[in-house]
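This report refers to the structure that appears directly beneath it.
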Amino acid sequence: MDRKYIQSVKPLTDHVLQVDFISGSRLLLDMKPYLDKLRFRPLADPAVWNSAMTNGIFVRFGNVELSHDEILSMAERAH
């Protein structure tokens with residue numbers, strides 16, 4: 001059974017990712033602190049950053065992928 005959690009994603013300026021959830025909640029996730037990590041370095045390229053898309057469970061930027069759970073974990077660590 002495929003559960004969908006993410007309704008849409010939108011890459012904003014200054015490497016902030018807007019994530020709209022099926023529940024109606026919205027998260028603004030600051031990705032700047034992660035850009036120096038090897039895994040997230042491609043997101044510094046505007047073309048990659050602006051390619052953000054979701055299938056409802058994962059957010060993908062080209063070859064960089066984040067799960068719903070990982071996004072929530074990243075948001076919790078920021079606070």
Side-chain angles (χ1 to χ4, degrees):
M1 174 189 219
D2 277 342
R3 293 187 182 265
K4 299 205 183 251
Y5 304 98
I6 302 170
Q7 179 176 343
S8 64
V9 293
K10 182 177 181 183
L12 304 176
T13 59
D14 208 24
H15 288 94
V16 173
L17 182 65
Q18 177 180 308
V19 183
D20 291 324
F21 295 94
I22 298 291
S23 67
S25 297
R26 173 173 285 170
L27 171 66
L28 297 176
L29 182 61
D30 184 2
M31 294 293 294
K32 284 185 302 299
Y34 301 97
L35 296 180
D36 65 342
K37 308 283 188 263
L38 182 62
R39 177 177 170 209
F40 295 111
R41 282 185 193 155
L43 301 183
D45 177 344
V48 175
W49 174 250
N50 289 311
S51 72
M53 58 189 312
T54 185
N55 65 358
I57 299 171
F58 293 94
V59 174
R60 291 188 177 98
F61 303 84
N63 293 330
V64 178
E65 184 175 87
L66 294 164
S67 72
H68 160 262
D69 291 334
E70 187 174 16
I71 290 168
L72 292 178
S73 176
M74 292 166 82
E76 288 175 2
R77 278 182 282 191
H79 295 13

Next on the checklist: For a 4.5 angstrom cut-off between non-hydrogen side-chain atoms, does R39 reach L66?
Outcome noted: yes
Item to check | V19/H68 under side chain to side chain contact (heavy atoms under 4.5 Å, CB included): CA gap, chis, key distance, verdict | outcome: CA-CA 10 Å; V19 183; H68 160 262; over 6 Å; no
Item to check | From NE2 (H15) to CG (D30), nearest 0.5 Å | outcome: 10.0 Å
Checklist entry - Is there a donor-acceptor pair closer than 3.5 Å between any side-chain N or O of S73 and the backbone N or O of E70? => result no
Item to check | Distance, nearest 0.5 Å, that separates CE of M53 from CZ of R60 | outcome: 8.0 Å
Item to check | Evaluation steps, side chain to side chain contact (heavy atoms under 4.5 Å, CB included), between L17 and F61 | outcome: CA-CA 11 Å; L17 182 65; F61 303 84; 3.9 Å; yes
Next on the checklist: Can a donor-acceptor pair be found, under 3.5 Å and without considering hydrogens, that links the side chain of W49 to the backbone of T13?
Outcome noted: no
Checklist entry - Which class fits the ring pair Y34 and F40: parallel under 30°, tilted 30 to 60°, perpendicular over 60°? => result perpendicular
Checklist entry - If Ile, Leu, Val, Met, Phe, Trp and Tyr residues are connected whenever their side-chain heavy atoms lie under 4.5 Å apart, and connections chain through other members, are V64 and L35 in the same group? => result yes
Checklist entry - So, for T54 and V9, which heavy atoms are closest and what is the spacing to 0.1 Å? => result N-CG2, 4.1 Å
Checklist entry - What do the steps show when you test M74 against M31 for side chain to side chain contact (heavy atoms under 4.5 Å, CB included), and what is the final call? => result CA-CA 9 Å; M74 292 166 82; M31 294 293 294; 3.7 Å; yes
Item to check | Smallest separation among heavy atoms of P42 and L38, with atom names | outcome: CD-O, 3.9 Å
Next on the checklist: Please determine whether the number of non-hydrogen atoms from other residues, nucleotides or ligands lying under 6.0 Å from atom CG of N55 exceeds 12.
Outcome noted: yes
Checklist entry - Looking at OG of S25 and OH of Y5, how far apart are the two atoms once the value is rounded to the nearest 0.5 Å? => result 14.5 Å
Checklist outcome for this item: Rounded to the nearest 0.5 Å, the CG atom of D20 sits from the CD atom of Q7 at a distance of 6.0 Å
Checklist entry - Is there a chain of hydrophobic side chains (I, L, V, M, F, W, Y, each step under 4.5 Å between heavy atoms) that links L72 to L28? => result no
Checklist entry - When rounded to the nearest 0.5 angstrom, what is the spacing between CG in L12 and CG in L29? => result 10.5 Å
Checklist entry - If you draw a 6.0 Å radius around NZ in K32, do more than 12 non-hydrogen atoms from other residues or ligands fall strictly inside? => result yes
